[in-house]
Number of protein chains: 2
Amino acid sequence: MLEYTHVEGLSSADVTRLREIYEPLTESVRALIDATIRTEVDAETVAAVKADVDAATERLRGRQLDGPFGLQFTSDGAQMPWGNPVVGLRNPMAPPLVIHRDEDDRVYADFDLGAAYEGPPGHVHGGVAALVLDHVLGEAASNQHRPRLTGTITLRYLRTTRLGRVHAEAHIARVDGYKAFAVGHLADDEGVTVEAEGVFIQPRWARG
Amino acid sequence: MLEYTHVEGLSSADVTRLREIYEPLTESVRALIDATIRTEVDAETVAAVKADVDAATERLRGRQLDGPFGLQFTSDGAQMPWGNPVVGLRNPMAPPLVIHRDEDDRVYADFDLGAAYEGPPGHVHGGVAALVLDHVLGEAASNQHRPRLTGTITLRYLRTTRLGRVHAEAHIARVDGYKAFAVGHLADDEGVTVEAEGVFIQPRWARG
């Protein structure tokens, strides 16, 4: 049984203000992740930077949530999945994806994958493709009033995906009661690289 | 066509020295990611920390690789997948997994997933389970002389996986020419949560 963390009363002005506070920090930590992987500075500089990073972490931990971010809501019921590792604006691990939904309920995102997402040299880790596609298919299968979680997902790798600008998209193929069948793919600038299909299920606690 | 980045002549003493330099920084940045998601300090402190993080990044970028980490090798041919998002000791996104291989060629890892890996509140993002299982099945299907990349993978979610200590394992079910069929699962302290099976293929360039 999952319990959502409700934070009541955040107006859209509050959300905008919070975004302006936190998003720049997230982006800076994202750049630090990239630099941590790629740096070739000497051992003394690495040690000095480590000490500065520890000091930064300690300041942030001066006041913090007891556990993970959870799912917070605005006063009008919109979700704020800010800790999410794919789309979260407070999660430096997230590329992040900004997911759009067109008038046919097809969802898509264009985003960059750099050094932090590398598997085969110069290419996207197969598991990162799975991470992104699981999320995008789940997003296609859900809406904010009807969450659906992954039941099964199958990924077919046509070829390796180059690091850089990539595109992900998905849509619902059909719905059968509490189940939605979603399909989608990942593509780089030479075309589709990974195809995905999955069954997404409305959990019992969300069938109200 | 993939090209491996060969860095020649790293002795095991060199590797130990490099690990001692870089691993503490990676661990510190990993803690910073967690604090970035969970902090509730005021806007001024967030802005001050952001400036410190930017300064740290700039110092690291004083000398850095032109692109992603690639795949580097020691002088005895062992791989150093240090930039890898699942196992990389220089990648703060990686939990990281330390993968063991038993005498029956079964591979396994026990590791912690915290706030940065959250999907449903308090639980592991389904895509993170996919990321980890893709890597662990791939590891079971490969060895350092015979890399195999994901052809297809199917994940079946039995229930959501609680954040915290988790276990992943995989083994080869059978081999057919260039293809290996691998199976595995993810488990939390109440048992198996996600089952996976996949076909892993030795790429043409590695069939030499």
Side-chain angles (χ1 to χ4, degrees), chain A residues 2 4-5 21 24-26 28-29 31-33 35-41 43 45-46 49-50 52-54 56-57 59-65 68-71 83 85-86 90-93 115-118 120-121 125-128 130-131 134-135 150-157 163, chain B residues 2 4-5 21 24-26 28-29 31-33 35-41 43 45-46 49-50 52-54 56-57 59-65 68-71 83 85-86 90-93 115-118 120-121 125-128 130-131 134-135 150-157 163:
Chain A
L2 302 172
Y4 277 5
T5 310
I21 293 171
L25 173 64
T26 310
S28 290
V29 176
L32 178 63
I33 293 171
T36 297
I37 296 168
R38 294 168 57 200
T39 191
E40 297 188 294
V41 296
T45 306
V46 171
V49 168
K50 177 200 153 23
D52 290 345
V53 170
D54 288 342
T57 300
R59 289 186 79 179
L60 293 178
R61 292 212 193 282
R63 210 177 81 180
Q64 68 176 8
L65 296 168
F69 190 81
L71 192 54
V86 177
R90 289 191 55 180
N91 191 334
M93 260 186 60
Y117 305 96
E118 186 183 43
H125 190 294
V128 168
L131 166 63
D134 172 78
H135 192 92
T150 321
T152 63
I153 188 168
T154 296
L155 300 134
R156 189 162 41 253
Y157 294 78
L163 289 176
Chain B
L2 301 172
Y4 276 6
T5 310
I21 293 171
L25 173 63
T26 309
S28 290
V29 176
L32 178 64
I33 293 171
T36 297
I37 295 169
R38 294 167 57 199
T39 192
E40 296 189 295
V41 296
T45 307
V46 171
V49 168
K50 177 201 154 22
D52 290 346
V53 170
D54 288 342
T57 301
R59 289 186 78 177
L60 294 179
R61 292 214 193 282
R63 212 177 80 179
Q64 68 176 6
L65 297 168
F69 191 80
L71 193 55
V86 178
R90 288 191 55 180
N91 190 336
M93 259 186 61
Y117 306 96
E118 185 183 43
H125 190 293
V128 169
L131 165 64
D134 171 78
H135 191 93
T150 321
T152 63
I153 188 168
T154 295
L155 300 134
R156 189 162 42 252
Y157 294 78
L163 288 176

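Chain letters run A, B, ... following the sequence lines, proteins first, then strands; residues in each count from 1.
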- Message: If we define contacts as heavy-atom pairs under 4.5 Å, which of B:Arg63, B:Met93, B:Arg156, B:Arg38 has the most with chain A?
- Response: B:Arg38
- Item | B:Arg59 side chain near A:Val41 side chain, heavy-atom distance below 4.5 Å | no
- B:Pro85 to A:Ala116 - nearest heavy-atom pair and separation: CB-O, 3.3 Å
- Message: What verdict does the side-chain contact (heavy atoms from CB on, under 4.5 Å) test give for A:Leu155 and B:Leu155, after you've listed the backbone C-alpha separation in whole Å, the side-chain angles of each residue and the deciding distance to 0.1 Å?
- Response: CA-CA 9 Å; A:Leu155 300 134; B:Leu155 300 134; 4.2 Å; yes
- Item | Most chain A-contacting option - heavy-atom pairs closer than 4.5 Å, from B:Thr57, B:Thr154, B:Leu60, B:Asp134 | B:Leu60
- Message: With a 4.5 angstrom heavy-atom cut-off, is it the side chain or the backbone of A:Leu163 that approaches chain B, or both, or neither?
- Response: side chain
- Query: Using a cut-off of under 4.5 Å for heavy-atom pairs, which of A:Val128, A:Val86, A:Val49 has the most such pairs with chain B?
  - Reply: A:Val49
- Query: Ignoring hydrogens and geometry, is there a side-chain-to-backbone donor-acceptor pair from A:Tyr117 to A:His125 under 3.5 Å?
  - Reply: no
- Query: Quick one: of B:Ile33, B:Ile37, B:Thr45, B:Asn91, who has the most non-hydrogen atom pairs under 4.5 Å with chain A?
  - Reply: B:Ile37
- Message: If you apply the rule side-chain contact (heavy atoms from CB on, under 4.5 Å), what do you find for A:Thr39 with B:Arg61, and how did you get there?
- Response: CA-CA 6 Å; A:Thr39 191; B:Arg61 292 214 193 282; over 6 Å; no
- Message: Just so I understand: if I count every heavy-atom pair under 4.5 Å between each of B:Asp54, B:Leu32, B:Thr26, B:Thr152 and chain A, which residue has the most?
- Response: B:Leu32
- Task: Evaluate side-chain contact (heavy atoms from CB on, under 4.5 Å) for A:Thr36 paired with B:Arg90, printing each intermediate quantity in order.
- Result: CA-CA 7 Å; A:Thr36 297; B:Arg90 288 191 55 180; 5.6 Å; no
- Top contributor to chain B interface from A:Pro68, A:Ala43, A:Ala31, A:Pro24 [non-hydrogen pairs under 4.5 Å]: A:Pro68
- Which region of B:Asp52, side chain (C-beta onward) or backbone (N, CA, C, O), has a non-hydrogen atom less than 4.5 Å from a non-hydrogen atom of chain A, or is it both or neither? side chain
